[in-house]
Amino acid sequence: MGKFIMPGSSEDGIDRRGFLKCMAWAGTGAFFIIQGGVLKSFALSRMPHRLATLKGELSFVQISDSHIGFNKPANTDVTATLQEAIAKINALPTPPAFVLHTGDLTHLSKPEEFDTLGQVLQGIKTDRVFYVPGEHDVLNDNGKQYLERYGKGAQGGGWHSFDHKGVHFIGLVNVLNLKAGGLGTLGPEQLEWLEKDVQRLRSSTPIVVFAHIPLWAVYPEWGWGTDDSQQALSYLKRFGSVTVLNGHIHQTMQKVEGNVTFHTAMSTAFPQPQPGTAPSPGPLKVPAEKLRSLLGITDVNFVRGNHSLAIIDSPLQGQEQKGKPSLEEQQ
Amino acid sequence: MRTLLVFSIVAVSAMLLLVFGLSTAAGGRSLAGSYRVTIDNFSFAPATLTVPAGTKVTWTNRDDVPHNVISVDKKFASPVLDTDEEFSYSFTDPGTYEYYCSIHSKMTGKVIVQ
């Protein structure tokens, strides 16, 4: 069975030990399945067999932090690595119903960067791409251009929700109107909208929230958190299955808190250092042969009936590496 | 005796000049008399800069990610500065001017104009 963690066994899925064991696989080709807050994991090498048994009704992909326009070490061709990520999506055994891009589409919010991103993403074999902005997409104009391109039907600064096969998806924007010295911000207008948005839903509805900056305190010293995320999560407490997908930190991290699973995705452009391991969160310069093991996509599968979401992180290259230490292990 | 005194004055002056030069360089003042703030590793250096009224301050981004310089009280705002790009602002009135990078809002600094 390999790294299969069962509830009730000596290595249950949600105690510290079990959690850390799962974390050790994050970002290195891991497969997660969450059932009622219990996390099970096994190596991606066992995926073909597992995937057959998990043929859910809904499969979607998250990509993040494509930073089109970035051209410095360790990746001077971020368009190429985005194209590789798209090739990976198109090669999935189950084609995704849609793709979520969790922000930092561009590096400098330049029109030509948005244009390139749009052209490249047309190569994805999927029905639709949903977006939330990163702080790099709202430079100079407080998100005006982003909204013109991607905000159709969205509220306020670009937040929106939709339903797909019984799952409620919520795209939140936490990169606008940031306060000096603060973290990511949702703001009162968006929080009020969120409270109303979920009011009509039954508590059994699976919820997927996606936003750029993590909605949990990954590492506030580097701005890796959202000041008013607790307020947002309080509106989601009554739901049995909440999955929060973020980007921004260019590496995978996972945390389970009650019925909420938080997960961050790799970038398709460049890695960033693990929390506190560098003077700043600037791009991590890695050898060229290592770069593609630190970039990738996230594939998510929903299986009706047991309210489970399976989260798979696949790097562009090298699926069998041992994992990076989690934040908890470092403290 | 007189020679020694002259020598001492010269020596003290040289020391003062050296100390003055070093301390002001660390405080953001270049030899040309303008003031500079460097953005490096997601921080402003010096984080607090004291200048006389009428001074031009120049910020330079040395990081390989973009930053900006935004006044908390909306007194000034730079465009986004990519690597090695600069922004200057002249402070005419005395006061304390707090600013931050609105992209990475944990980055804060202030200019005190005397």
Side-chain angles (χ1 to χ4, degrees), chain A residues 65 67 69-76 103-104 106-110 113 133-143 145 174-185 212-213 217 219-227 248-250 267 269-270 272-273 278-285, chain B residues 26 28 36-50 57-89 91 95-113:
Chain A
D65 297 87
H67 282 266
F70 180 82
N71 58 6
K72 299 182 176 69
N75 189 357
T76 52
D104 283 358
T106 71
H107 192 58
L108 292 169
S109 302
K110 290 182 178 169
E113 294 173 348
E135 72 278 4
H136 286 260
D137 302 318
V138 297
L139 303 177
N140 294 330
D141 67 353
N142 206 32
Q145 180 185 204
N174 55 2
V175 298
L176 291 172
N177 307 314
L178 303 186
K179 291 176 192 69
L183 305 173
T185 305
H212 181 65
I213 299 176
Y219 197 62
E221 291 86 340
W222 281 358
W224 291 359
T226 302
D227 276 328
H248 187 59
I249 67 170
H250 297 216
S267 162
F270 57 86
Q272 281 179 273
S280 79
L284 194 62
K285 294 171 184 68
Chain B
R36 292 193 163 270
V37 176
T38 303
I39 305 171
D40 206 355
N41 273 323
F42 286 65
S43 55
F44 296 104
T48 301
L49 177 67
T50 304
V57 177
T58 301
W59 285 263
T60 309
N61 180 15
R62 298 290 185 209
D63 263 345
D64 45 11
V65 293
H67 296 293
N68 63 12
V69 181
I70 308 292
S71 155
V72 172
D73 299 324
K74 297 181 166 54
K75 299 254 173 57
F76 55 91
S78 80
V80 167
L81 307 176
D82 201 3
T83 307
D84 294 333
E85 288 183 342
E86 293 187 346
F87 167 72
S88 297
Y89 181 78
F91 292 88
T96 298
Y97 298 80
E98 295 190 353
Y99 65 89
Y100 71 123
C101 167
S102 73
I103 311 164
H104 311 97
S105 48
K106 289 291 278 187
M107 293 170 57
T108 58
K110 73 173 83 155
V111 176
I112 298 169
V113 181

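Letters go in sequence order (proteins before strands), and every chain restarts at 1.
With a 4.5 Å cut-off on non-hydrogen atoms, B:S102 touches chain A through its backbone but not through its side chain. Interface remark: B:V72 contributes side-chain atoms only to the contact with chain A (heavy atom separation under 4.5 Å). Heavy atoms closer than 4.5 Å to chain B are found in both the backbone and the side chain of A:H107.
Between B:D82 and A:L108 the shortest heavy-atom distance is OD2-CD1, 3.4 Å. Taking each heavy atom of B:K106 and A:E221 in turn, the nearest pair found is CE-O, 4.1 Å. What you find for A:L178 and B:I103 is that their closest heavy atoms are CD1-O, 3.9 Å. Looking at every heavy atom in both residues, A:G181 comes nearest to B:T108 through N-CG2, 3.5 Å. Contact record, B:V65 with A:P283: CG1-CD, 3.5 Å, taken as the closest heavy-atom pair.
Between A:K72 and B:D63 there is no salt bridge, since no side-chain nitrogen of the basic residue lies less than 4.0 Å from a carboxylate oxygen of the acidic one.
To the nearest 0.5 angstrom, A:N71 atom CG is 10.5 Å from B:D64 atom CG.
Of the possible polar contacts, none joining the B:Y100 side chain to the A:G182 backbone as a donor-acceptor pair under 3.5 Å is found.
Note on A:G134, A:P220, A:G282, A:P281: by heavy-atom pairs under 4.5 Å with chain B, the leading option is A:P281.
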